[in-house]
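First the structure, in the form of structure tokens, and then the observations on it.
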Amino acid sequence: MASILIYLVIGLPWIGALLVWLAGDKRTTVQHILAILFSVASGIAAVALLFNTSSTTVINLDAGGVFGQFTFVADGLAVFLAVVATVIGSLAVIFSVDYMHGEKSLGRYYAMVLFFIGGMAGLVLTSNLLLMFFFWEITALCSYALIAFHNDDPKAVAGGIKALIITQLGGVGLLAGALLLFSQTGSYDFNRMIADPGIIDPRILSGMAFGCLVAAAAKSAQFPFQTWLPDAMEAPTPISALIHAATMVNAGVYLLARFFPAFKGVPGWTTAVILVGMISAILTAIMALVANDLKRVLAYSTVSQLGYMVFAIGCGGVYASQFHLFSHSIFKALLFLAAGAVIHSVGTRDMRQMGALGKQMPLTRFVFVIGSLALAGIPVLNGFWSKELVLEAGLQHGPIWAYAFMLLSAGLTAFYTFRMVYMVFYGKPSSEKHVHDAQPAMKVALIPLAAGALLSWLLAGPFSSLLHNSLPAHEIHAITTTEVLMEVLAAPATYIALAVVALGLIAWWQRQHLGGVAHAFRWLTAAAENSFGFEAVNAGIVRLTLGAAQKLRTTQTGLLNWNIAGLLIAFIAVILILVVRG
Amino acid sequence: MLNALIAAGIILCAIQAIRVKKLIAAALWLAGCSALTALMLYLLGAPEIAVIELSVGAGLVTVLFVFAINIIGDEAPVRMPAIPPLVAWLLVILSFGTLAYLNLPLLEIEVPTLVTIPMAASSIWEDRALDVILQIVLIFAGVLGIINLISDNSSRESKA
Amino acid sequence: MTAQTALTLLLAIPLGAAPVIYLAGRIALKTRVKSGGASARILAVLALLAAMVPLYYAAMHFTSTGPLTLDINRISLQMDGISLLVALTALILGLCVTFFSTKYMQNDEGEEKFFALLMIMIVGIIGLVCATDLFNLWVWFEVMAVSSYLLVAFYRSQPDALEAGVKYLVQSATGSVFILLGIALTFAQTGVLNLHEIRLAVSAGGNSPIILSASVLMLIGFGVKAALVPLHTWLPDAHSQAPSGISAMLSGIVIEAGLVALLRSTGAVIVSHTTWGYLIMAFGALNLLVGNLMALRQTQVKRMLAYSSVSQMGYILVGIGVAVYTLQPEGAAGGFFHVITHSLMKGAAFLAAGALLYALRMAHHNHEPLTVSDLDGASQRYPVTAFFLAVALLALGGLPPLAGFMSKWQIFVAGFQSGNSLAIALVIFAAINSVLSLGYYAPLVNRMYRHEPSDLVKEGKPISWVMVLPLVIMTVAIVALGIWPPLVRWLTTPAAMSLLAIFGG
Amino acid sequence: MTTIPYIDMLTVMIVFGIGLYTLLITRNLIKVVIALQILVKAGMIALVLAGRINGQVMTGQSIALTVIVADTIVAVIALALAVQVKKHHGTVDLDKLRNLKG
């Protein structure tokens with residue numbers, strides 16, 4: 001049963017992709033219908049898979065030789081992420097019906113989205129590290145193709161290529177990890193390693209651990225690879241919601257969570273993970289304070305929230321991190337889709353050109369505010385519970401300075417969230433244009449997500465038992481929802497955090513009176529606007545490479561004599577090497 | 001002794017072939033080089049190949065060179081060599097210095113005196129028949145290509 | 001069909017077809033002026049199809065009984081794993097190219113010569129990889145080289161094609177004299193020419209400086225054809241100026257055949273396989289770096305693809321270098337797998353670029369090169385061709401699950417399994433290079449999917465199905481090999497074993 | 001007869017060196033072809049000498065024959081190319097023959 005469902009979850013979107021592509025751009029209605037049908041079907045299959053979880057391998061295809069056994073496992077972690085990918089994927093597809101209405105090359109769009117959904121499901125469901133790498137690359141490829149979807153726009157193309165190259169560079173870390181695993185154990189099945197990390201030489205294990213951290217940081221846009229995600233916002237907004245908020249960027253967190261039992265013993269690894277998460281969380285929270293592009297603010301906040309999850313893993317809170325991932329997928333997809341409805345109707349992403357949109361778009365405002373409250377960590381929305389769990393884990397198991405920084409960024413989160421809501425929906429109107437509220441298909445996608453943001457925390461108990469039952473190595477305790485709630489409410493961390501969040505809100509309220517403070521931190525905002533120099537470093541590396549390439553071109557002189565000279569130089573070099581080595 | 005003389009002649013001809021400015025003269029020096037090579041091959045005990053080298057290398061190829069040079073014409077010699085002569089010298093000396101050094105042991109080999117000179121034909125046709133077949137292929141390919149290279153281009157335009 | 005007949009026919013059919021094609025073309029030209037090339041075209045395709053039959057039997061014999069030998073007096077030809085793999089690749093690629101060229105070369109003057117020379121080149125490649133005699137190897141090599149000189153300079157009224165032809169010829173001829181000297185030294189030292197006997201004599205004789213210099217001479221001589229950096233300088237010129245079908249052949253199989261010749265000849269004369277393995281890996285690293293960096297700033301499509309061949313050669317060299325170093329078959333299997341996938345990917349890329357070049361420029365009697373910006377929005381007008389080109393490029397960039405990734409992966413695994421820290425570092429370097437290569441493949445793919453087509457695309461002529469069919473076949477193969485790499489294990493494993501046999505493992 | 005290898009081997013090396021030096025230094029395409037021919041002469045002597053050294057004169061001879069045929073063909077093609085180059089470029093100066101670079 002489980003094996004059939006896995007085939008369906010991965011295969012249905014891919015078949016759908018092919019059919020949409022074959023349908024051709026002249027039959028757009030057929031394309032819309034096909035895309036919805038196949039994504040929803042895959043979502044249903046994934047939900048059905050929730051009731052068939054186990055920690056044993058359910059599919060095993062022998063690819064032979066150096067390609068190993070293509071294995072799939074439907075354990076809790078995998079199935080939960082597959083559900084997120086397919087369900088939010090279906091909602092994004094439904095949202096696209098209105099959002100992408102009248103776009104050219106719709107076939108390419110839907111085919112890539114569906115291909116992505118299947119790839120993401122495969123990425124989490126497989127237990128073969130090589131196969132995981134395949135799916136990893138597939139998701140990167142789809143993300144690239146969709147960021148560069150409007151490829152008449154040089155910014156979109158540049159953003160796409162940047163995302164592709166950075167995630168691919170990170171992919172090298174995963175590739176090295178897979179190669180090391182295979183050369184050590186003769187198989188790519190990582191569950192063996194997770195169950196017993198001792199089978200691998202400690203030095204090799206440490207190489208794998210840090211390789212995976214690099215891969216995860218690149219994929220989840222964590223420090224120091226965070227620069228690609230804001231640029232990826234050139235993608236159509238449903239894509240930002242699906243790929244760059246709810247699913248693909250979580251792959252890095254998933255990777256760390258998956259391998260946590262194996263790597264936690266590696267010296268320095270957990271500290272490195274904590275550092276990566278903390279720096280990402282705080283830096284991008286500051287950047288979100290000063291950004292004026294609506295989608296960029298959301299992108300920075302995504303990086304920041306992913307930082308929370310990474311931090312939680314570093315502190316040993318796998319459950320907290322996954323629960324926050326769950327909440328975040330819902331409220332961030334909601335925020336992005338609602339932002340998409342705003343952008344679609346206003347026609348700009350610059351928040352300075354918005355304002356007072358609330359009256360004209362009541363429904364959008366309503367859901368956006370719900371998402372924002374969840375993001376800011378206001379009780380009783382889902383973001384509150386999961387963020388508190390993360391902070392609690394940090395207080396209990398992490399270093400205190402890291403916890404302090406995480407608290408600070410919780411405050412900042414509240415601040416920039418309210419700034420964003422105010423700039424978009426309240427304040428003074430900045431344009432006389434008539435805007436319309438979300439269209440029907442958009443509503444279909446927004447309302448379930450809003451409901452999710454309000455209520456998904458009720459699933460905390462079942463979620464923990466799901467992870468507990470099928471992930472023996474992760475040592476996650478099964479607790480009921482009430483226990484979770486009690487734990488959160490009883491912990492002092494919660495009240496500290498709430499106080500900080502309230503401080504952030506007060507700071508926002510009293511922003512006029514805080515002019516002096518803002519002035520004092522002028523240098524910080526200036527640095528944040530320049531993304532703390534990371535863009536410059538990126539540009540420098542690109543310039544260096546291109547410069548080297550340009551310099552190297554002079555070696556191809558086009559003069560025959562030099563070509564012959566090259567021949568002789570090689571001859572001399574080789575003969576000298578051989579004579580010296582004997 | 002004769003060997004040494006011929007060797008000196010070959011080297012002289014080779015140097016002259018690259019030194020002289022007029023291309024026709026260079027082609028003729030090359031012919032001389034070829035003829036002396038043929039002589040050397042004869043002394044090495046390869047009379048048949050010497051004859052062929054004489055007729056093909058010194059004869060046919062020279063004729064072709066003269067033809068080609070006639071069509072192309074002598075260009076005014078350019079003074080500036082394309083790459084600095086010093087670099088060129090360095091490369092040649094380094095490469096063939098090491099090569100010659102490595103091959104010093106070859107000089108200590110005793111060469112047996114030739115008693116009789118066997119007929120080459122049997123060896124060529126029997127032992128290395130495949131090479132001979134391939135010579136035909138080579139000639140065919142070469143001829144095809146040369147026809148293509150030298151045939152007039154004008155017919156194409158008329159067809160197109 | 002006996003093994004000997006199969007091998008004979010495999011060589012004889014295309015070889016015999018060459019003059020027939022030429023004569024048929026000429027006669028048709030004399031009698032019916034209009035369709036001079038038609039008979040030549042059809043004959044060429046038929047000859048290659050016919051050659052598939054003996055190859056099938058040869059493969060059957062090989063898989064059941066091992067290498068098959070054909071003795072022609074004292075020289076023998078042997079079909080071992082490597083030759084079977086290269087011969088099969090050459091024939092399939094050759095068939096695709098010939099079929100493609102029936103349209104591409106249509107109305108070009110000298111079409112019959114083109115096809116005749118193409119046949120000779122294919123025979124040259126097959127013979128080259130089957131040769132067991134050092135000198136015979138050189139002769140086959142010359143057959144392949146001579147026919148390719150003329151094919152590179154086929155557009156003899158194009159100044160750039162002539163320039164490329166001249167450079168290719170001079171560099172290659174210099175290389176072949178190096179080989180001759182190497183052969184002479186080997187022959188002087190060992191007194192035999194059969195590669196196996198040379199190997200025995202060399203291992204008995206120990207480390208002789210003469211043999212050492214001979215091995216370097218042969219490495220450099222064959223290295224010119226195999227495009228080892230810094231001997232690669234002819235490649236970007238020749239590959240970009242040749243007719244597109246020939247570019248596909250040159251990149252797809254000729255440089256690999258050069259590599260096989262290099263391995264066969266040097267394998268017989270080297271003493272220390274570890275040093276040699278390091279050397280090949282070093283060339284691999286150079287090829288990767290130089291090829292990628294040079295490709296990064298190219299504006300001409302075919303020139304960019306040519307440089308990418310230099311870097312793809314690097315992967316093959318890394319795989320084979322690891323195998324030579326460790327004397328374990330995995331690396332070689334990966335390297336030879338990459339030979340197959342590269343010939344498919346680069347063949348498809350060159351043919352697709354050629355089809356676009358034909359439609360956009362040559363059909364308008366314009367011989368200017370196709371630049372990257374000319375392909376803007378090509379997918380609007382040529383959705384199928386653009387898609388195939390995109391698949392080929394992404395496969396070359398090593399994106400799973402396409403074939404290019406699988407072969408690279410096998411090479412990487414071998415590098416890690418060797419346990420040598422240098423090899424592991426090299427693999428990481430190769431993987432990063434693979435990412436770097438996306439820096440030039442991805443923008444090209446992007447351009448083709450732009451909404452606003454370039455003027456050239458708007459005025460482009462339609463592309464005939466004749467040009468698309470080979471692309472379909474190759475693309476299907478790329479995807480199939482990507483999804484199920486074991487499909488060619490029956491070819492790559494024996495080839496790896498043969499390589500180890502060459503190096504005395 | 002023991003002096004033969006000395007002298008002939010030396011000739012081979014020197015002639016080879018001359019040919020390569022020419023290839024590096026000359027700018028005239030015809031000279032390049034002449035240099036290639038000089039190189040081949042060296043190779044040919046070396047092959048026959050090798051046959052002589054190990055007493056297989058016949059093999060050396062038959063090899064040299066093939067070499068002559070092959071390299072004559074290469075020379076002829078090179079000359080034909082040079083003629084075409086002159087026709088389309090107006091010169092056989094290598095320094096002018098460098099449109100393809102970088």
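All of these numbers come straight from a predicted model, not from anything done at the bench. In what follows, every chain begins at residue 1, and chains take the letters A, B, ... in the order their sequences are listed. Basis for what follows: all heavy atoms, side chains included, without hydrogens, waters or symmetry-related copies.
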task = Go through B/A14, B/G142, B/A100, B/S95 and name the one with the most non-hydrogen pairs under 4.5 angstrom from chain D.
result = B/A14
remark   = CG (D/D8) and CZ (D/R52) are apart, to the nearest 0.5 Å, by 9.5 Å
remark   = Of the listed B/A50, B/A8, B/A27, B/S34, the one with the largest count of heavy-atom pairs under 4.5 Å with chain D is B/S34
ask   = Any idea which of D/T66, D/I45, D/V48, D/T72 has the most non-hydrogen atom pairs under 4.5 angstrom with chain B?
value = D/T66
Which of B/V56, B/I52, B/L134, B/I83 touches chain D most, by non-hydrogen pairs under 4.5 Å = B/I83
key: chain B interface, residue from D/V40, D/D95, D/V76, D/V15 that has the most non-hydrogen pairs under 4.5 Å   = D/V76
ask   = Side chain, backbone, both or neither: which part of D/Y21 has an atom under 4.5 Å from a heavy atom of chain B?
value = both
ask   = Which of the residues D/L94, D/V74, D/T22, D/D71 is involved in the greatest number of heavy-atom pairs with chain B at under 4.5 angstrom?
value = D/T22
ask   = What closest approach, in Å, do B/V20 and D/K31 show between heavy atoms, and which atom pair accounts for it?
value = O-NZ, 2.9 Å
query = Quick one: what part of B/I6 sits under 4.5 Å from any heavy atom of chain D, side chain, backbone, both or neither?
reply = neither
inquiry  = With heavy-atom distances below 4.5 Å as the criterion, would you say the side chains of B/M40 and D/T11 are in contact?
reply    = yes
message = Between B/F67 and chain D, with a heavy-atom cut-off of 4.5 Å, which part of the residue counts as in contact: side chain, backbone, both or neither?
response = neither
remark   = chain B shares the most heavy-atom pairs under 4.5 Å, among D/T26, D/I14, D/I63, D/T91, with D/T91
note = Minimal heavy-atom distance between D/L79 and B/A68, with the atoms involved, is CD2-CB, 3.8 Å
request  = Measure distances from D/V69 to the heavy atoms of chain B and classify the residue's part below 4.5 Å as side chain, backbone, both or neither.
outcome  = side chain
ask   = Side chain, backbone, both or neither: which part of D/V33 has a non-hydrogen atom closer than 4.5 Å to chain B?
value = both
Residue D/L81 versus chain B: region with a heavy atom under 4.5 Å = both
query = Do the non-hydrogen side-chain atoms of B/Q135 and D/L65 ever get within less than 4.5 Å of each other?
reply = yes
request  = Check each atom of B/I69 against the heavy atoms of chain D and say whether the ones under 4.5 Å are side chain, backbone, both or neither.
outcome  = side chain
ask   = From B/L28 CG over to B/F65 CZ, what is the distance, rounded to the nearest 0.5 angstrom?
value = 11.0 Å
request  = Check whether B/V51 gets within reach of chain D through its side chain, its backbone, both or neither, counting any heavy atom under 4.5 Å.
outcome  = neither
ask   = Relative to chain D, which segment of B/W29 carries a heavy atom at a distance below 4.5 Å: side chain, backbone, both, or neither?
value = neither
request  = Go through the steps for B/L36 and B/C13 under the test side-chain contact (heavy atoms from CB on, under 4.5 Å), then give the verdict.
outcome  = CA-CA 9 Å; B/L36 287 170; B/C13 286; 3.8 Å; yes
message = Could you check whether any side-chain heavy atom of B/I71 comes within less than 4.5 Å of a side-chain heavy atom of D/K86, counting everything from C-beta outward?
response = no
task = Give a yes or no answer on whether the side chain of B/E53 reaches the backbone of B/A38 with a donor-acceptor pair at less than 3.5 Å.
result = no
message = Contact between B/F96 and B/L99 at the side-chain level, heavy atoms closer than 4.5 Å - yes or no?
response = yes
remark   = Counting heavy-atom pairs under 4.5 angstrom with chain B, the leader among D/I38, D/I77, D/I34 is D/I34
ask   = Between D/L29, D/L20, D/V85, D/L23, which shows the greatest number of heavy-atom pairs under 4.5 Å with chain B?
value = D/L20
query = Does any heavy atom of chain B fall under 4.5 Å from the side chain of D/A35, the backbone, both, or neither of them?
reply = neither
inquiry  = For a 4.5 angstrom cut-off between non-hydrogen side-chain atoms, does B/Q16 reach B/C33?
reply    = no
message = For the interface with chain D, which of B/L30, B/I72, B/V92 has the highest count of heavy-atom pairs at distances below 4.5 Å?
response = B/I72
key: Region of B/L60 in contact with chain D, defined by heavy-atom distances below 4.5 Å   = side chain
key: Over all atoms of both residues, closest heavy-atom pair of B/G45 and D/Q61   = O-NE2, 3.6 Å
request  = Determine the minimum heavy-atom distance between D/I30 and D/A82, stating which atoms define it.
outcome  = CD1-CB, 4.2 Å
